[in-house]
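All chains are named by letter (A, B, ...) in the order of the sequence lines, taking the proteins before the strands, and each is independently numbered beginning at 1.
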Protein chains: 2
Amino acid sequence: MLVGQNPAGLAMLFCPGRDLFELITSRGPLLILWSPRDGPQRFYEVRNAVEGTSERVLSEVLKKLCRHGLITRHVEPSVPPKVSYALTGLGEGLLGIMDGLTGWIGRELENVEAAKRRYNAQEGMA
Amino acid sequence: MLVGQNPAGLAMLFCPGRDLFELITSRGPLLILWSPRDGPQRFYEVRNAVEGTSERVLSEVLKKLCRHGLITRHVEPSVPPKVSYALTGLGEGLLGIMDGLTGWIGRELENVEAAKRRYNAQEGMA
DNA sequence: CTGTATCCGAGAGGATACTG
DNA sequence: CAGTATCCTCTCGGATACAG
C-alpha cells in the first residue's frame, strides 16, 4: 500500500526507493554523511564532528551508509586499528542534491517564519 | 548543541531551520504535501490519497503545514462543513526541490542496489 | 464531513560498559 | 582506537471512539 493514487514519479519513490529515502531523511545519516565531506575521517573524528549521536547509532549508520555505497570503509591493519570513512561519488552526489534542500531552507526560512507569525496573529483574534 | 564543528552551510541548517528540516523529512508531511499538488483537496480526499496515515496524524500534519505556510486551509461555512487544502507558492517551491531528491533517487537507485549486492557478496567470502 | 481525544505498541535513538 | 552489547526512555504514529 502507501500512496496509490498519487502522481507518478512519487509512486516510483515509495516502493523500491522507499528504503533509500528513509535512510536519507532520518536524522543521523545526513549529519554523518556531511562529516567526511572534506576528506576521509576516522571513526572518532566523525563522532566528534557530529556530537550528539551515540556510538551505537553512529556505527549502525556508518554500516548502512557503507552498504548503500554512499561511503567507503578503509581498514588499516595495525595496532591500534585505524579505520577511515570516505565519501563515494554516490555520496557526493547525494550531498549535492541535499544542498538544494538546505539552500531552499536558507532562502525561504524567512518567509516560513513570516507565515508562522501571520498564522499566530490570526489565531490570536478570530 | 548538535553539529558544532561542521562545515558552514550546515550550521545554518541545524539551528533556525532545524524545525523546518525535521518537518520536511518526517514521514507524514511529504506524502501529504504531495496530495494537493494538482489542485485543492478536501480533507477526506487527502486522507484517501495518502492512505496509510491515521486521521490523528493527518490533521496534526495539516495544521503544521498550515502554520509553516506551505498549504492554506479554506473553510466553507456550510452544513456539513467543507474544508479544502491547497498548496501555497512556498509549498510548491518545496515540492520542486524535493523533485530534485526523488529524481536523484530514481536515477541512482540502480547504482545503490548494485553497491548493496557488491557489499553483500564481499561479506559472503571474506 | 471534519476533525479532536484517548490509548497503546513499535522502534529510534541516548547512555554506559565492556571487548579485540 | 573502533566498535559491540545491553538497557532504557521517549517520541512517532496507528486504531478507535466520539464531538461539532
Mind calculating the distance between [atom1] ([X]) and [atom2] ([N]) to the nearest angstrom?
{"X": "Tyr85(A)", "N": "dA2(D)", "atom1": "OH", "atom2": "C1'", "result": "7 Å"}
{"X": "Ile32(B)", "N": "dG14(D)", "atom1": "CD1", "atom2": "P", "result": "9 Å"}
{"X": "Phe43(A)", "N": "dC1(D)", "atom1": "CZ", "atom2": "P", "result": "11 Å"}
{"X": "Glu45(B)", "N": "dT2(C)", "atom1": "CD", "atom2": "P", "result": "8 Å"}
{"X": "Glu60(B)", "N": "dC12(D)", "atom1": "CD", "atom2": "C1'", "result": "9 Å"}
{"X": "Lys64(B)", "N": "dC12(D)", "atom1": "NZ", "atom2": "P", "result": "7 Å"}
{"X": "Leu30(A)", "N": "dG13(C)", "atom1": "CG", "atom2": "C1'", "result": "16 Å"}
{"X": "His74(A)", "N": "dA2(D)", "atom1": "NE2", "atom2": "P", "result": "12 Å"}

Does a side-chain N-to-carboxylate-O contact under 4.0 Å join Lys64(A) and Asp19(A)?
-> no

Charged N-O contact under 4.0 Å between Glu60(A) and Arg56(A) | yes

Indicate, yes or no, whether a donor-acceptor pair under 3.5 Å links the base of dG3(C) to the side chain of Arg56(B).
-> no

When you match Pro81(A) and Ser84(B) each to their closest nucleotide on DNA chain C, which lands nearer the 5' end?
->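 Here Ser84(B) is the residue nearer the 5' end.
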
When you match Val61(A) and Pro80(A) each to their closest nucleotide on DNA chain C, which lands nearer the 5' end?
-> Val61(A)

For Thr53(A) and Val50(A), indicate whether the former's side chain and the latter's backbone hold a donor-acceptor pair under 3.5 Å.
->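 Flag not set: sc Thr53(A) to bb Val50(A) has no pair under 3.5 Å.
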
Indicate yes or no for a side-chain donor-acceptor contact from Thr88(A) to the backbone of Leu70(A) under 3.5 Å, with no hydrogens or angles considered.
->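 Pair found, side chain donor or acceptor close to backbone of Leu70(A).
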
Are any of Lys63(A)'s side-chain N or O atoms less than 4.0 Å away from OP1 or OP2 of dG3(D)?
->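 Lys63(A) to dG3(D) OP1/OP2: no side-chain N or O under 4.0 Å.
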
Are any of Ser59(A)'s side-chain N or O atoms less than 4.0 Å away from OP1 or OP2 of dT4(D)?
-> yes

Taking for Tyr44(A) and for Val57(B) the nucleotide of DNA chain D with the nearest heavy atom, the one nearer the 5' end belongs to Tyr44(A)

Looking across every strand, which nucleic acid part, if any, lies under 4.0 Å from Arg42(A) by heavy atom: base, sugar-phosphate, or nothing?
-> sugar-phosphate

If you look at every strand shown and take non-hydrogen atoms under 4.0 Å, does Arg73(B) touch a base, only sugar-phosphate, or nothing?
->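 Sugar-phosphate contact only - Arg73(B) comes under 4.0 Å of backbone atoms but never of a base.
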
Glu45(B) side chain to Asn48(B) side chain, donor-acceptor N/O pair below 3.5 angstrom | no

